[in-house]
Amino acid sequence: MVGAVGPGALGRHLALVGFMGAGKSTVGARVARLAERPFVDTDAEIERRHGSIPTLFEERGEAEFRRLEQAVVAEALAGDEPAVVALGGGAILSEATRALLRRRAFVVRLAVDVDAAWARVRRSDRPLARDEARFRLLFGERENLYLDVADADAEDADDVLTAALAVHVARDSLAGALAAAAPGGAVVVDERLPGLEWWHGLAPAVPVLTVPSGEPAKTRDVVGRLWEELAIGRDGTILALGGGTTLDAAGFVAATYLRGVDWVSVPTTLVAQVDAAIGGKTGIDLPEGKNLVGAFHLPREVVVDPDVLATLPERERRQGMAEVVKTGLLAGRALWELPEEDMIRACAAFKCAVVLSDPHERGRRAILNLGHTFAHALEAASGYALAHGDAVALGLLAALRLSGQPTDVVEEVLRPRPVSVDPEAAWAALGRDKKGRAGRPRLVLLRAPGVPEWGVERPEPEVRAALDALIAR
Ligand SMILES: NC(=O)c1ccc[n+]([C@@H]2O[C@H](COP(=O)([O-])OP(=O)(O)OC[C@H]3O[C@@H](n4cnc5c(N)ncnc54)[C@H](O)[C@@H]3O)[C@@H](O)[C@H]2O)c1
Ligand SMILES: [Zn+2]
């Protein structure tokens, strides 16, 4: 339902604006497909109803075209189901449309430079792209209107998806995020980070609270201490900096303190940048198991600065690469081959798309657990000595084998080693997995790269054999 508003485009329409030739139709269609939303291309809709746009311009004039356009945009934005709406380049000339966009949509401007735009449209039949000088003039005139109405800027589909969940991936963005820590707020940081070189010179102007490094952050004691030490009001913001453990704990504190305050998530590990920081799952562990207490509480903003990974130990990077390979298999793209910053952006974008389509994990979001049923079982059987990413690498092997898909990518990129655990303990843990039903695990498998299916049950002996193959004898 439009109206249950989260940050960005969650629960609202996602509108794409920008000059002709920016690629709104192509990018819009892609974003809609990935986020599983209906797609409305207003130009295409006008043509469907009223015939070709060049003919409309010629026979009825631009003013009449704009009137029809305004009606089509209004209709698209009136719908209750959040959609992706790509607007014609001149649609924002209408004051009424601009007002409606502000009220009903999260608006992303798709940026393009004038030369690239002209190269793309000069041979088209678009009525306003017949004369280059006029085209360039129009570009300059409209620029400010786009900026005025847009909540965010983007260059491609990944950018649009991250912007739609207020996730910003950019080198050298950490200092700005800390400097912007609003008065009346607080910083919660992994105790190890202030000792790292990139922290020097960052002097947050708000109180800094530390949490233990690693899983010990996700305990009742730590959360209880933060509740007591925080001295912020309902309008204060918690800026959380660290890996997934810090963010899970600090996010949970933000979800509960004063019945919920805003938080900004600043992930500093690869795991957190491609996964844990995105999507608003927060929580802590109980002695009985991991992540057993928590809340959905989306950060107002996620600031992803790949530069901070410079100090990340190799072992921690490997944990993140397992989630990268998982995401690439789900997306059907070799994301692990991209340069670091693009890889992080693409992984974050994929997770944003899934979260936008299913924020509370009622269905499709389960695909993010590819390989995880087996991973959780191995982690539990090892008494959590086995690191999560290393367990996921093994779990991906099992999921691919059960899917009848090749495992070479996982072998080459992650080099998983069979692990020494008690097979009976691992099997028992698999039956207890909280995503399972009546002791039978429900799996995420791949029909093909990029085509996941979830909630799949397989005969017990097959599942057991897949698990046993991950265990060293
Ligand atoms: N909320 C979610 O959706 C979600 C998703 C995936 C994982 N998680 C959770 O995330 C946690 C794992 O996250 P993680 O792998 O980031 O672990 P982590 O937070 O424990 O960080 C790993 C280690 O790296 C150190 N570190 C952090 N940033 C560093 C940097 N820039 N340079 C050097 N060292 C640095 C930390 O001190 C720690 O020792 C688990 O608790 C898991 O349950 C949550
Ligand atoms: Zn994971």
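Hydrogens, waters and symmetry mates are skipped; everything else that's a heavy atom, side chains included, is used. Every number for a ligand or one of its atoms is a count from 1 in the order of the listing. Numbering starts at 1 and runs along the sequence shown.
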I'd like the name of whichever of [options] reaches closest to [atom] through any heavy atom.
{"atom": "atom 44 (C) of ligand 1", "options": "D248, I284, V189", "value": "D248"}
{"atom": "atom 5 (C) of ligand 1", "options": "G389, G320, A276, A310", "value": "A276"}
{"atom": "atom 1 (N) of ligand 1", "options": "K351, H388, K281, K290", "value": "K281"}
{"atom": "atom 40 (C) of ligand 1", "options": "Q319, E215, R315", "value": "E215"}

When you check the gap from the basic side-chain N to the acidic O, do [X] and [Y] get nearer than 4.0 Å?
{"X": "D158", "Y": "R333", "value": "yes"}
{"X": "D468", "Y": "R464", "value": "yes"}
{"X": "D305", "Y": "R171", "value": "no"}
{"X": "E288", "Y": "R432", "value": "no"}
{"X": "K290", "Y": "D285", "value": "no"}
{"X": "E215", "Y": "K218", "value": "yes"}
{"X": "R102", "Y": "D148", "value": "yes"}

Please determine if [X] has a nitrogen or oxygen closer than 3.5 Å to a nitrogen or oxygen of ligand 1.
{"X": "K218", "value": "yes"}
{"X": "G244", "value": "yes"}
{"X": "T282", "value": "no"}
{"X": "E316", "value": "no"}
{"X": "P313", "value": "no"}
{"X": "D190", "value": "yes"}

How about H13 and F106: are their ring centroids closer than 6.0 Å? no

Where [X] and [Y] come nearest, the two heavy atoms and their spacing:
{"X": "G243", "Y": "T268", "result": "N-OG1, 3.5 Å"}
{"X": "V188", "Y": "A250", "result": "CG1-CB, 3.9 Å"}
{"X": "A353", "Y": "L161", "result": "CB-CD2, 3.8 Å"}

At a 4.0 Å threshold, what atoms of ligand 1 neighbour a non-hydrogen atom of [X]?
{"X": "G243", "value": "16 (O), 19 (O)"}
{"X": "L196", "value": "30 (C), 32 (N), 33 (C)"}
{"X": "T311", "value": "30 (C), 31 (N), 32 (N), 33 (C)"}
{"X": "D275", "value": "5 (C), 6 (C)"}

[X] contact mode with ligand 1 (heavy-atom cut-off under 4.0 Å):
{"X": "N291", "result": "side chain"}
{"X": "W198", "result": "side chain"}
{"X": "V271", "result": "side chain"}

Note the single closest protein heavy atom to [atom], along with its residue, its atom name and the distance in Å.
{"atom": "atom 26 (N) of ligand 1", "answer": "T269 CG2, 4.0 Å"}
{"atom": "atom 28 (N) of ligand 1", "answer": "T268 OG1, 2.8 Å"}
{"atom": "atom 39 (O) of ligand 1", "answer": "S213 OG, 2.9 Å"}
{"atom": "atom 19 (O) of ligand 1", "answer": "T245 OG1, 2.6 Å"}
{"atom": "atom 35 (C) of ligand 1", "answer": "L312 CD1, 3.8 Å"}

Of D159, V303, T162, the residue whose pairing with V167 passes side-chain contact (heavy atoms from CB on, under 4.5 Å): T162

So, applying side-chain contact (heavy atoms from CB on, under 4.5 Å) with L368, which one of V444, D358, V354, D275 is it? V354

T407: partners by side chain to side chain donor-acceptor pair (under 3.5 Å), with sequence neighbours left out: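 Partners of T407 by the side chain to side chain donor-acceptor pair (under 3.5 Å) criterion, ordered by chain and then number, come out as E411.
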
Does the residue L193 have a heavy-atom contact with ligand 1, meaning some pair of atoms that are separated by less than 4.0 Å?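 So L193 counts as touching ligand 1.
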
Any atom of ligand 1 sitting under 4.0 Å from a heavy atom of L309?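 Contact check L309 vs ligand 1: negative.
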
Can you check whether S213's main-chain N or O pairs, donor with acceptor, with E191's side chain at less than 3.5 Å?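 The answer is yes, because a donor-acceptor pair under 3.5 Å joins these two groups.
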
Identity of the N, O or S atom of H388 lying closest to the Zn ion (ligand 2):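 The Zn ion (ligand 2) is closest to the H388 atom NE2, counting only N, O or S.
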
Which atom name would you report as the N, O or S atom of E323 nearest the Zn ion (ligand 2)?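 Looking only at N, O and S atoms of E323, the one nearest the Zn ion (ligand 2) is named OE2.
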
